[in-house]
Amino acid sequence: MPFLTVPHVRRGMTDVRVAGVGLTHFGEHPERTGRDLFAEASERALADAGVPRADIEQLNYGNFMGALSEHQGHQGPLMAEAAGVDAPATRYESACASSGVAVREAVKDVRNGELDVALVGGAERMNNLGTAGSTEALAIAADDLYEVRAGMTFPAAYALMARAYFDRYGGAREDLAEIAVKNHDNALDNEHAQYQSAITVEDALDAPTIAEPLGLFDACPITDGASAAVLVSESYAEEHDLDAPVAVTGTGQGGDRMALQDRKHLARTPAAERAAEEAYDDAGIGAQDVAVAEVHDCFTIAEVLALEALDFYAPGEAVGAAARGETTRDGDRPVNLSGGLKAKGHPVGATGASQIAELTRLLRGDHPNSDAVDGDLGVAHNAGGTVASTTVHVLEVVA
Amino acid sequence: MSETDAVRADGGRVRDEGYDDFLDALESGEGYYLECPEGHGWLPPRRVCPECGGTDLEETALPETGAIETHTTVHVAAPSFADDAPYVTAVADFDGVRLTGVVRGIDPENVEVGTEVSAEVDETETAGERVLVLHAE
């Protein structure tokens with residue numbers, strides 16, 4: 001590359017600190033409204049931050065299927081009201097990366113000096129749709145003409161990617177089962193997680209098939225929940241003497257064609273590769289500096305694709321990482337210590353910001369699994385659809 | 001109900017210009033795709049090649065057969081395919097353009113990467129909607 005890169009000199013004007021984070025329980029709450037879920041998460045984040053509501057200058061809110069599940073559009077102002085915040089508010093929609101994008105836009109605004117205090121987060125209500133209804137709603141993240149009309153479901157799309165991966169690089173259902181086992185183990189002590197229960201490789205392999213080669217335990221559950229975080233400028237944190245040791249030091253976003261049929265790679269995720277490269281450059285780091293990662297494991301194969309896109313592994317090498325013990329809590333680089341989407345749950349629009357919340361707690365030391373983190377730097381990888389959009393964020397302990 | 005699929009707010013369906021024209025052509029044995037001067041192929045509707053930005057897209061005859069590149073047997077379907085399940089969905093390479101469709105004419109267990117298919121139009125078992133079918137010979 002003909003460019004000089006200077007480590008740790010970021011293009012932003014200011015560090016963006018994570019002042020506070022909050023999550024609801026992730027699980028089956030079919031009767032709870034999105035606004036109630038987000039009100040709870042944001043209340044927790046504001047309390048954790050010690051920032052008064054009156055100081056919030058903007059809400060960036062992620063949501064995917066609220067127009068279908070709650071017949072509710074225009075959710076930005078609704079959620080600001082629910083959070084008790086008198087500030088402009090916008091809903092961001094980028095499928096499963098909705099709140100990753102919401103976080104990224106707030107990070108940019110704080111860096112650019114447009115804002116000092118932003119509330120970010122997301123919420124999703126899904127269980128009120130039932131399994132068939134949520135399967136149909138999730139499918140709208142795929143291309144309606146070329147894919148959904150041809151019977152594509154969200155699990156089917158990832159199954160197509162898994163088959164393509166196995167065909168090109170090798171790997172087997174047993175490798176994927178090890179990922180599910182790992183992420184269930186990680187969720188055991190996480191009070192926010194949908195599944196605080198261990199499973200075995202045999203459980204995963206014996207589970208009903210959803211879309212071959214993926215079975216029930218390769219898939220994240222259908223989840224209701226909300227997430228929130230308060231992002232502040234470094235100067236605001238200093239002026240208000242906030243205890244906010246974690247900063248967002250890198251942000252990146254990548255895109256790809258909507259439909260799998262129009263992609264160059266069915267077994268790789270270039271959108272995530274681009275997002276990671278941008279975020280790493282932004283933070284002045286490389287993959288080798290990352291001690292811990294929260295990645296978008298909506299299906300077990302998605303964790304494999306994420307670890308390769310994040311350059312932790314060469315293409316074809318990540319499928320055995322969990323089985324080899326490299327990404328388990330005792331491994332060199334633990335992945336999804338929260339339990340991931342697989343076991344913590346995946347309330348679609350809340351997931352990106354929930355990864356920021358979990359990573360912040362893991363790095364601060366107040367997460368049940370913080371003792372497994374050996375280092376000060378983590379990344380969050382949030383993917384939309386079949387990775388047609390992705391955000392990657394770098395978080396570091398800076399104070 | 002029309003034979004096409006875009007969903008209106010009232011739940012009815014309208015025709016998708018471009019895509020339904022493509023299905024019509026496929027149905028009458030004259031399938032085509034859009035090809036840019038650089039040779040990148042796409043299904044309609046499309047005004048610009050997303051790969052190279054070319055706007056001179058020409059209707060090009062779809063090859064008679066393609067090869068399955070990846071496939072899955074879907075057991076948990078959306079409501080619009082509930083009675084079709086289990087069914088096989090696949091992406092097939094037609095040498096210039098890739099198509100996604102439901103695989104028929106073969107036992108699902110025998111579908112493999114590389115299986116030869118032709119593109120046709122058939123109906124879903126669930127609602128009789130038109131669907132792109134990849135038919136194994």
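Note on naming: letters A, B, ... go to the chains in the order of the sequence lines (proteins, then strands), and numbering restarts at 1 for each one. These numbers were taken from a predicted model, which means no experiment stands behind them.
- In this structure, A:T209 and B:T73 have side chains that are not in contact, with every pair of non-hydrogen atoms separated by 4.5 Å or more.
- The shortest distance between side-chain heavy atoms of B:S80 and A:E136 falls below 4.5 Å.
- The contact between A:D167 and chain B is made entirely by side chain atoms (from C-beta outward), counting heavy-atom distances below 4.5 Å.
- With a 4.5 angstrom heavy-atom cutoff, B:I68 does not touch chain A via any of its atoms.
- The structure places CG of A:D143 at 9.0 Å from OH of B:Y19, a figure rounded to the nearest 0.5 Å.
- Side-chain contact between A:M152 and B:V74 is absent, with no heavy atoms from C-beta onward closer than 4.5 Å.
- Residues B:V97 and A:Q261 form no side-chain contact, since every pair of their non-hydrogen atoms from C-beta on lies 4.5 Å or further apart.
- Taking B:A92, B:P44, B:P86 one by one and counting their heavy-atom pairs under 4.5 Å with chain A, the maximum is reached by B:P44.
- Only the side chain of B:V113 comes within contact range of chain A, with at least one heavy atom under 4.5 Å from a heavy atom of that chain.
- Rounding to the nearest 0.5 Å places CG of B:D20 at 8.0 Å from CG of A:L145.
- The closest donor-acceptor contact from the side chain of A:Y146 to the backbone of B:L99 lies at 3.5 Å or more, if one exists at all.
- Between A:A132 and B:P79, the shortest heavy-atom contact is O-CD, 3.4 Å.
- Atom CG of residue A:L160 and atom OG1 of residue B:T100 lie 7.5 Å apart, to the nearest 0.5 angstrom.
- Between atom CG of residue A:L260 and atom OG1 of residue B:T70 there is a gap of 8.5 Å, rounded to the nearest 0.5 Å.
- B:T124 is not listed as a side-chain neighbour of A:R149, based on a closest heavy-atom distance of 4.5 Å or more.
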Practice prompt. Tell me, with the steps shown, if A:K264 and B:E51 meet salt bridge (Lys or Arg N to Asp or Glu O under 4.0 Å).
Written response: CA-CA 10 Å; A:K264 278 184 186 161; B:E51 189 66 31; 3.0 Å; yes
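- At a 4.5 Å heavy-atom cutoff, the contact between A:L266 and chain B is made by side-chain atoms alone.
- For the pair B:T72 (side chain) and A:E212 (backbone), a donor-acceptor distance under 3.5 Å is present.
- More than 12 heavy atoms of other shown residues, nucleotides or ligands fall within 6.0 angstrom of atom CD in B:E137.
- B:A90 touches chain A through its backbone: at least one of N, CA, C or O sits under 4.5 Å from a heavy atom, while the side chain does not.
- With a 4.5 Å cut-off on non-hydrogen atoms, B:P45 touches chain A through its backbone and its side chain both.
- Residue A:T153 touches chain B through its side chain alone, counting heavy-atom pairs closer than 4.5 Å.
- Contact annotation for A:A156: both backbone and side-chain heavy atoms come within less than 4.5 Å of a heavy atom of chain B.
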